Each structure stands twice: as structure tokens, then as C-alpha cells.
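Comments concern the structure below.
For ligands, and for the atoms within them, numbers begin at 1 and follow the listed sequence. Given the structure is predicted, the values throughout are model-derived calculations rather than measurements.
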Amino acid sequence: MAESVVHIGLLLPEVLGTYGDTGNAQVLCRRLRWRGLDAEVVPVGLGEPVPSTLDLYLLGGGEDGAQALAAAHLRKHWRSRSRGAVVFGVCAGLQVLGTRFRGLDGVEHDGLGLLDVTTEAGERRAVAELVATSSELLGRAPLTGFENHLGVSKLGADSEPLGSVVRGTGNGDGTEGAVTDRVIGTYLHGPALARNPELADLLLSWVAGHPLPPLDLPEVDRLRTERLTATRRRR
Ligand code: GLN
């Protein structure tokens with residue numbers, strides 16, 4: 001964090017805001033402010049170039065059409081995207097961060113190529129609670145969220161899964177999400193960073209360049225335990 005204010009880029013919220021993932025920006029902002037750090041959410045709309053100066057970039061979920069629009073826009077207007085930025089994408093966001101994706105209409109679209117992931121339409125829509133065990137990146141902590149997608153994603157050699165599925169569908173082959181360098185994609189809505197504070201703090205530690213002091217938020221911990229317990233019961 002070269003500057004004292006952390007700038008959180010919220011990419012195309014009017015297009016990739018369908019599933020409430022814009023809340024991830026609020027969560028990151030809050031977790032920084034609770035630690036006495038200044039943060040600002042910078043929405044970047046359709047038709048605007050994506051500034052290269054932001055500390056972190058967020059992409060949310062959206063319908064197939066919205067997703068194709070977002071990919072075309074970002075390929076053209078996010079020139080600095082490959083310069084080691086911290087990026088977090090959810091569902092359509094994950095698919096757009098990949099190399100290519102194809103929806104129900106069979107048309108293939110180029111993604112941004114920040115994750116080594118390709119996506120095809122699956123046979124049925126996954127709409128359910130999604131629980132995964134994270135990779136070592138998050139010390140095998142449980143991840144929880146809600147999924148709502150048709151896409152089935154395949155990882156290539158340059159991406160690692162974010163976790164392995166305990167309940168639900170995730171990528172469709174038992175893995176969940178993808179990670180390459182400081183770019184993370186996931187199928188977890190919720191918003192994901194509200195339901196998984198460790199994931200929020202991992203992104204923030206990458207921005208800061210060091211781990212951040214832990215936050216003592218008993219109500220957040222309690223809610224997380226409640227949700228994980230409820231999901232276990234519903235199995
Ligand atoms: N349109 C994509 C799919 O159905 C992404 C959906 C979403 O972002 N929730 O796979």
C-alpha cells in the first residue's frame with residue numbers, strides 16, 4: 001500500500017451486480033477501517049477505462065449476456081490487467097477471468113486470461129449452498145457460500161483450485177475456484193467475503209504486503225459457525 005488510502009475497484013457493478021457480490025467491496029472497506037486504515041470503493045462502469053492505479057479489483061456474478069458484455073469491455077478497457085494486481089472474481093467473474101467461456105447459446109467468448117480456466121455450459125444449473133475445504137493457501141479452512149450457475153469450469157496447469165468441494169458443485173469436478181498468483185476466482189456468492197473473513201483478509205494481506213492484525217468480531221465468528229452447522233444439518 002504505497003498510499004495511505006486503499007482503493008478498491010468495483011468493476012462493472014451495473015452489469016456484474018446481479019447476485020449481490022458488490023457487497024464484497026463493502027466488506028473489504030469495513031475490515032480495513034476497523035483496523036484504522038483508510039479505504040475507498042471505486043466503482044468502474046461500462047464505457048469507462050479501468051484505472052491501473054487501484055489496489056484491488058473485484059468482479060461479481062451475472063447472467064450469460066451480462067457476462068459476455070463485461071468480458072468484451074474489460075478485454076478492451078483494462079489494459080493494465082496483467083501487471084500483478086490483486087483480483088477477486090465471483091462466478092461470472094471467475095469465468096471472465098479465465099481464458100474462454102461458453103454459455104447456453106454455444107457462443108465461445110474470450111476471457112481475460114488471468115486464470116488458467118475454461119468454462120462450458122453444464123447439464124443442469126447448480127443452485128445450492130456450497131461448502132468447500134480451502135487449499136493450504138487458507139490453511140484448509142472451510143469456505144461457505146451460495147452457488148447459482150450453469151457453467152462447469154476446468155483448470156489448466158497455471159491455476160490451482162481454491163479448495164475442494166464438501167457439498168455442492170463448485171467447478172463441477174470436485175474442485176472449487178481457481179488461484180493464479182494474486183488472482184482468485186470462486187463460485188461462492190453470499191457475498192463470499194462476508195461469509196469467509198479469512199478470504200477477505202488474505203486479499204487484504206496481499207495488498208498490504210504483510211499479514212494484517214486479526215480482528216476480534218465475535219458476531220461474525222458466531223454467524224459463520226451457525227451457517228456451517230446449518231449446512232451440515234441440511235445434508
Ligand atoms: N452465467 C454464468 C453461469 O450460469 C454465471 C452465473 C453467475 O454469475 N451466478 O454459469
Using a strict cut-off of 4.0 Å, indicate which atoms of ligand 1 neighbour a heavy atom of Asp64.
1 (N), 2 (C), 3 (C), 4 (O)

Would you check whether Gly103 reaches within less than 4.0 Å of ligand 1, judged by its heavy atoms?
no

Using heavy atoms and a threshold below 4.0 Å, how should the contact between His189 and ligand 1 be classified: side chain, backbone, both, or neither?
side chain

Distance to 0.1 Å, residue and atom name: give those for the protein heavy atom nearest to atom 7 (C) of ligand 1.
Cys91 SG, 2.9 Å

Decide whether Thr99 and Thr118 meet the rule of one side-chain donor and one side-chain acceptor closer than 3.5 Å.
no

Less than 3.5 Å apart, any donor N or O on the side chain of Glu176 or Thr186 sitting next to an acceptor on the other?
yes

As an exercise, state the distance from CG of Leu46 to CG of Leu74, rounded to the nearest 0.5 Å.
8.5 Å

Looking only at heavy atoms, is any part of Asn148 under 4.0 Å from ligand 1, and if so is it the side chain, the backbone, or both, or is it neither?
backbone

May I ask you to say whether Arg224 pairs ionically with Glu219, meaning some side-chain N is under 4.0 Å from a carboxylate O?
no

Are His189 and Phe146 close enough that their ring centers fall under 6.0 Å?
no

Among all protein heavy atoms in this structure, tell me which lies nearest to atom 10 (O) of ligand 1, with the distance rounded to 0.1 Å.
Gly151 N, 2.8 Å

Heavy-atom nearest neighbour of atom 6 (C) of ligand 1 within options Gly62, Gly61, Gly93:
Gly62

Tell me which protein heavy atom sits closest to atom 3 (C) of ligand 1, plus the residue, atom name and distance to 0.1 Å.
Leu150 N, 3.5 Å

Can you tell whether the side chains of Asp201 and Arg35 come within less than 4.0 Å, N to carboxylate O?
yes

Do the side-chain N and O atoms of Tyr19 and Glu147 include a donor-acceptor pair separated by under 3.5 angstrom?
no

Which of the atoms in ligand 1, numbered in the order shown and given with their element, are less than 4.0 Å from a heavy-atom of Arg125?
4 (O)

Would you say Glu147 contacts ligand 1, with heavy atoms under 4.0 Å as the rule?
no

Ranking Glu63, Gln67, His149 by closest non-hydrogen atom to atom 2 (C) of ligand 1, top hit is Gln67

Contact atoms of ligand 1, heavy-atom distance to Ala92 under 4.0 Å
5 (C), 7 (C), 8 (O)

Salt-bridge test for Arg140 and Glu136: reply yes if a basic N is under 4.0 Å from a carboxylate O, no otherwise.
yes

